[in-house]
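Computed from heavy atoms alone, side chains included, the values below leave out hydrogens, waters and symmetry copies. Quick note on labels: first sequence line is chain A, next is B, and so on, each numbered from 1.
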Amino acid sequence: MIADRVPDPRLRIDPADLGLAPLSRVFFRRDTIAVARGLLGAWISRRWRGRWYGARIVETEAYLGPKDRAAHSWNGRRTPRVEPMYADGGHLYVFFVYGMHSCANVVTRPAGIAEAVLLRAAEGPDGAPPRLLSGPGKLCAALGITTRESGLDLLSRGPVRVFRRRGRPRAVGVSPRIGVDYAGEAAKWPLRFFDRESAAVSGGKTR
DNA sequence: CACATGATCGCCT
DNA sequence: GGCGATCATGTGG
């Protein structure tokens, strides 16, 4: 059985009340590292049964396509699972790992260039447990995102959207990516970005 | 605190 | 048939 797809009620938000506007296609088509950094502070949001749920992104990782051994599109790999990575910037790519977890990515660059940003951690609204979304699997579980949502366009006014941040993080940390030790040289690339002031960041903050 | 391990299954070789 | 862009729990220091 695939992970729960019901969002955690403690993540209820009202995008209108928060005064949030969606990020644009142009934003997502930019350089992948710029998008990974730019997503810190943005709100990943999910509509389910007419209600909205959301959290502020505090940790991301960039995956740089065919030249990046850690990326699912490494060496030009193009299978049904990875196909959404080849879509236009602003699409969602969700994959299933370890038999129990979903991980959500935002696709970057124009169509045909298979790069993406993994959403690793987020903070819920006031009142939500600080570590409810502290990890890519937990983030998806808390927002009810599964592979059924893979391939969705974040800009089609659909059930998954990303809203612009209101405040840039004061201090951004950088480190190698987590869990990609098999990727040779690419495992050392400094492609993980996080808000140093957030308690929701997964794993160690240093390196 | 730092490891080590088990759970669990779709995907690719 | 092997393994992973993970997580929770358990052990030992």
Asks: Looking at A:R177 and A:E61, is there a salt bridge between them, counting it only when a charged N and a carboxylate O are closer than 4.0 Å?
Replies: no

Asks: Which nucleotide wins on minimum distance to the side chain of A:M100, given the candidates C:dT6, B:dC11, B:dT8?
Replies: B:dT8

Asks: The side chain of A:P136 is closest to which nucleotide in this list: B:dA7, B:dC12, C:dT6?
Replies: C:dT6

Asks: Mind calculating the distance between CG (A:L133) and C1' (C:dC7) to the nearest angstrom?
Replies: 14 Å

Asks: Report yes if a side-chain nitrogen or oxygen of A:R120 is closer than 4.0 Å to either non-bridging phosphate oxygen (OP1 or OP2) of C:dT6; otherwise report no.
Replies: yes

Asks: Identify whether a stacking contact exists between A:Y63 and C:dA5, where the ring centres must be under 5.5 Å apart and the planes under 30° apart.
Replies: yes

Asks: In whole angstrom, what separates A:H101's NE2 from B:dG10's P?
Replies: 15 Å

Asks: Figure out the CE/P separation between A:M85 and B:dC12, and round it to whole Å.
Replies: 13 Å

Asks: Flag the pair A:R69 and A:E185 as a salt bridge only when some basic side-chain nitrogen lies within less than 4.0 angstrom of an acidic carboxylate oxygen.
Replies: no

Asks: C:dA5 P sits how many Å from A:I178 CD1, rounded?
Replies: 13 Å

Asks: Rounded to whole Å, please give me the gap between CG in A:L118 and C1' in C:dT6.
Replies: 11 Å

Asks: Which listed nucleotide (C:dA5, C:dC7, B:dT8) is nearest to the side chain of A:F95?
Replies: C:dA5

Asks: Between A:F95 and A:H72, is the ring centre distance below 6.0 Å?
Replies: yes

Asks: Mind calculating the distance between CG (A:D68) and P (C:dA5) to the nearest angstrom?
Replies: 11 Å

Asks: Run the salt-bridge test on A:R56 and A:D195 with the 4.0 Å N-O cut-off and return the result as yes or no.
Replies: yes

Asks: Can you tell me the distance, in whole Å, between the CZ atom of A:R78 and the P atom of B:dT13?
Replies: 15 Å

Asks: Taking both distances under 3.5 Å as the test for a Watson-Crick or G-U pair, what stems of at least three pairs does DNA chain C have?
Replies: B:1-7 with C:6-12, B:9-12 with C:1-4

Asks: Return the nearest nucleotide to the side chain of A:F96; candidates are B:dG10, C:dG4, B:dC12.
Replies: B:dG10

Asks: With a 4.0 Å cutoff (strictly under), does any side-chain N or O of A:Y182 reach OP1 or OP2 of C:dA5?
Replies: yes

Asks: Could you tell me whether A:D153 and A:R25 have a side-chain N and a carboxylate O separated by less than 4.0 Å?
Replies: yes

Asks: Rounding to an integer number of Å, can you tell me how far A:K138 NZ sits from C:dA5 P?
Replies: 19 Å

Asks: Does the side chain of A:S175 come under 3.5 Å of the side chain of A:R192 through a donor N or O and an acceptor N or O?
Replies: yes

Asks: Is A:E149 close to A:R46 at the side-chain level, that is, under 4.5 Å between some pair of heavy atoms?
Replies: yes

